[in-house]
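Report on the following structure.
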Amino acid sequence: MGNTKKPWSGRFQKKTAASVEKFTASIHFDKRLYPFDIEGSIAHAIMLAKQNIITKKEALKIISTLKKIGKDLEAGKMKFDMADEDIHMAIERELTKRIGAIGGKIHSGRSRNDQVVLDTRLYLRSEIKMLVDLLRGLQGTLIKLAKKEIRTIMPGYTHMQKAQPVLLSHYLLAFLEMFERDVQRLNDCEKRVNICPLGSAALAGTSLPIDRGQTSRTLNFASLSRNSMDAVADRDFIAEFVFDASLIMMHLSRFCEDLILWSTEEFSFIEISDAYTTGSSIMPQKKNPDVAELIRGKTARVYGSLMTIMTLLKGLPMTYNRDLQEDKEPLFEAVDTVKNCLTVFTEMIVNTKFNAENMYLAAKGGFSAATDIAEYLVKKGIPFRAAHEIVGKIVAYCLENNKELEYLSVKEYQKFDKNIGKDIHNVVKIENVVNSRKHAGGTATKQVIDRLNEFEKIIDNH
Ligand code: ARG
């Protein structure tokens, strides 16, 4: 360590302190950017040759060697040295080691400042694609499950108290909507990621006759950055992405929280497969929903990444400052965590049994048809507030006499309001409670099936 000559050593008289070399290095984490660094350098070399900044022969040599370096890196045949500082210098050093001084030509009209943003953008563009695929996969799993469980009725909750019955499929659709927004957010973020910064060099561009459009096209970017200072200073796209990742985690953690609760003996709404639960080292009877708990817990890491990025950027002077090197670990952490969580969550859902009977029994309890009786009275012309009061008294009567709305006689009902007729028993039937909510966005079976079919189309077109 410390013996490699630095590409920037010209104006230095003393060797870098070993502690500084270690302190400033990012190679141990930015090495994962190597495929993108190589892809970017190849595109840059093609452009340099086209613009006669280097010869065609030189470009061919540089490109074929870069490809070989890429292969060696993939095969694990190349070791990195802390003295290389970062992935950009490591690859350039290797290139020069293999082809001599020509290797040094690759950095013409380029700086690590635009190079590092280029690599990060290429990396994130490809990760966003993978994340969207994972979200689509999860959505597909939820659609299948919702279709299979289309008859299952469960209690819907507010304040963690039984509120009104809903279809389990309606509950699942709520998460399909959340994940749909996540996909939309990622696709929107991708528009601001998919911009080519190359050519901005250190901060002010270059006096060499580069063709920025050429590199951008080779790398399949949608557009060019329009200001060289902004291009090297901008990390908005990272902050935006990590926020999007935080929302995905938040959605997963809310889902997990319900699953954890539902898997308790007290609820017994679901059973997560043995393969996706763990045991206790002391209590032999235990089967714990650790996967769901860990996803809930890992949400904190991604929020941590978001805080890191926001704090990193606050008050940073224009343009590039070394602080920006600290953007990568939180970004990688967020990407890895969300990918892992989406993958394992989807598997866990596939391996979970839903106990339709227990859900149904729970939905029937708790006077969950009370609002429907009030709305029944509203249809008979009674103001909602008065109807609310009447039904409140009916519920109190049931509680006192240990009765349920379904089994009260018409006579008993009429003691509270003479407008109540024989049809009341149909109104309080749980299936009817669900199916009467047939407006757009409601939990009626037909509405739910329609929305599921719409989602199926959205996903098929993906
Ligand atoms: N490793 C650096 C980073 O991640 C690359 C850019 C360094 N540029 C510089 N002029 N020191 O930000």
Side-chain angles (χ1 to χ4, degrees), residues 1-2 4-12 14-17 19-41 44 69 73 78 80-96 104 106-127 193 195-206 225 228-239 241-242 305 308-336:
M1 224 214 286
T4 324
K5 192 169 177 307
K6 310 270 187 244
W8 40 256
S9 64
R11 59 106 65 217
F12 286 80
K14 282 194 184 139
K15 244 175 56 180
T16 317
S19 59
V20 171
E21 205 152 71
K22 207 170 156 200
F23 185 70
T24 54
S26 56
I27 185 79
H28 52 292
F29 56 81
D30 65 19
K31 61 184 176 201
R32 73 154 81 181
L33 292 176
Y34 81 82
F36 308 102
D37 200 76
I38 289 176
E39 195 188 344
S41 290
H44 188 59
I69 294 173
L73 280 166
M78 240 182 83
F80 291 111
D81 187 333
M82 275 291 176
D84 281 332
E85 210 175 299
D86 57 27
I87 187 63
H88 326 294
M89 296 215 311
I91 291 174
E92 197 186 319
R93 176 187 52 80
E94 187 64 24
L95 183 66
T96 312
I106 185 63
H107 215 53
S108 319
R110 183 175 83 171
S111 152
R112 275 188 295 156
N113 296 355
D114 58 350
Q115 193 178 354
V116 71
V117 192
L118 174 75
D119 292 8
T120 311
R121 285 177 179 276
L122 287 171
Y123 157 81
L124 196 50
R125 188 176 71 178
S126 101
E127 293 293 346
V193 170
I195 296 170
C196 188
L198 209 58
S200 305
L203 80 160
T206 171
S225 58
S228 62
M229 294 177 81
D230 178 42
V232 296
D234 171 32
R235 297 293 185 277
D236 295 2
F237 65 98
I238 297 184
F241 169 81
V242 181
S305 286
T308 306
I309 298 288
M310 293 305 285
T311 313
L312 184 65
L313 297 176
K314 179 189 172 297
L316 202 65
M318 287 286 273
T319 52
Y320 179 86
N321 299 273
R322 192 60 176 265
D323 314 44
L324 289 175
Q325 182 166 289
E326 292 289 316
D327 64 356
K328 276 165 228 60
E329 283 166 298
L331 172 64
F332 296 160
E333 175 87 46
V335 167
D336 294 346

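The structure displayed is predicted, hence computed values, not measured ones. Computed from heavy atoms alone, side chains included, the values below leave out hydrogens, waters and symmetry copies. Counting starts at 1 for both ligands and their atoms, in listed order.
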Contacts of Glu92 that satisfy salt bridge (charged side-chain N to carboxylate O under 4.0 Å, His left out) - sequence neighbours left out: none
Contacts of type salt bridge (charged side-chain N to carboxylate O under 4.0 Å, His left out), residue Arg125, not counting sequence neighbours: none
Carboxylate-amine/guanidinium contact Asp327 Arg235, below 4.0 Å: yes
Under the salt bridge (charged side-chain N to carboxylate O under 4.0 Å, His left out) test, residues paired with Asp336 that sit two or more places apart: Arg32
Salt-bridge contact Glu21-Lys15 (side-chain N to carboxylate O under 4.0 Å): no
Return a table of N or O atom pairs, ligand 1 on one side and protein on the other, at distances under 3.5 Å, rounded to 0.1 Å.
from	atom 1	to	atom 2	distance (Å)
ligand 1	1 (N)	Ser26	OG	3.4
ligand 1	1 (N)	Asp86	OD2	2.9
ligand 1	1 (N)	Gln325	OE1	2.8
ligand 1	4 (O)	Lys328	NZ	2.7
ligand 1	8 (N)	Asn113	OD1	3.1
ligand 1	10 (N)	Asn113	OD1	3.3
ligand 1	12 (O)	Tyr320	OH	2.4

Within 6.0 Å of CZ in Phe12, more than 12 heavy atoms from elsewhere: yes
